[in-house]
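What follows is a short report on a single structure.
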Amino acid sequence: MNKHSTVIIFMVFISPLFSLTGFDNFESLNCQVKTMQEKKIQNATFGSGCFWCTEAVFELVEGVTSVTSGYTGGNIKNPTYEEVCAEKSGHAEAIQLTFDSEVISYGELLEIFWKTHDPTTLN
């Protein structure tokens, strides 16, 4: 058997085995990296009298990846904005934000919330 035959045998029969093994390990590693990245992403929910104002503040904060306005508490399923504003639903306006805890901590988010929200004012 000459040198070229050995290379061809290696490429045709042995090389795919290494590729498959490497691919499986790569997929496993890729899943581990995604899991680690997902653990950095967390949610926080803050209730306030006006979700528009609170949402606007947190949309500018580095590390916050999304802000969603909504309602929390209450006794009506899927209340309208009018029902909540008329104080007929028992709900409070709130925001839920998604943030990267490696960029900003929950404590820092709370600090921003309390500096931009006065709980002693009505609504």
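For this chain, numbers begin at 1 and follow the sequence in order.
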Taking only residues two or more places apart in sequence, or in another chain, which ones meet [X] in a side-chain hydrogen bond (donor to acceptor under 3.5 Å, both in side chains)?
X: Thr80; value: Glu83
X: Lys115; value: Glu111
X: Glu102; value: none
X: Ser69; value: Glu55

Does any N or O in the side chain of Ser101 come within less than 3.5 Å of the main-chain N or O of Lys40, such that one atom is a donor and the other an acceptor?
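The answer is yes, because a donor-acceptor pair under 3.5 Å joins these two groups.
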Taking the side chain as C-beta and beyond, is there a heavy-atom pair between Leu97 and Asn43 under 4.5 Å?
no
Measure the shortest side-chain to side-chain distance between Val57 and Ile112 over non-hydrogen atoms and say whether it is less than 4.5 angstrom.
yes
Under the rule for side chain to side chain contact (heavy atoms under 4.5 Å, CB included), what residues qualify as partners of Cys53, not counting sequence neighbours?
Cys50
Phe58: ring-ring contact (aromatic ring centres under 6.0 Å, His included) partners, not counting sequence neighbours
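Checked Phe58 against ring-ring contact (aromatic ring centres under 6.0 Å, His included); matches are Phe46.
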Contact list for residues 58-67, test side chain to side chain donor-acceptor pair (under 3.5 Å), sequence neighbours left out
Ser66-Thr98
Ring pair (Phe, Tyr, Trp, His ring centres under 6.0 Å): which pairs involve residues 85-107, sequence neighbours left out?
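Listed by first then second residue: nothing to list.
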Separation between OG1 of Thr45 and CD of Gln96, rounded to the nearest 0.5 Å:
3.5 Å
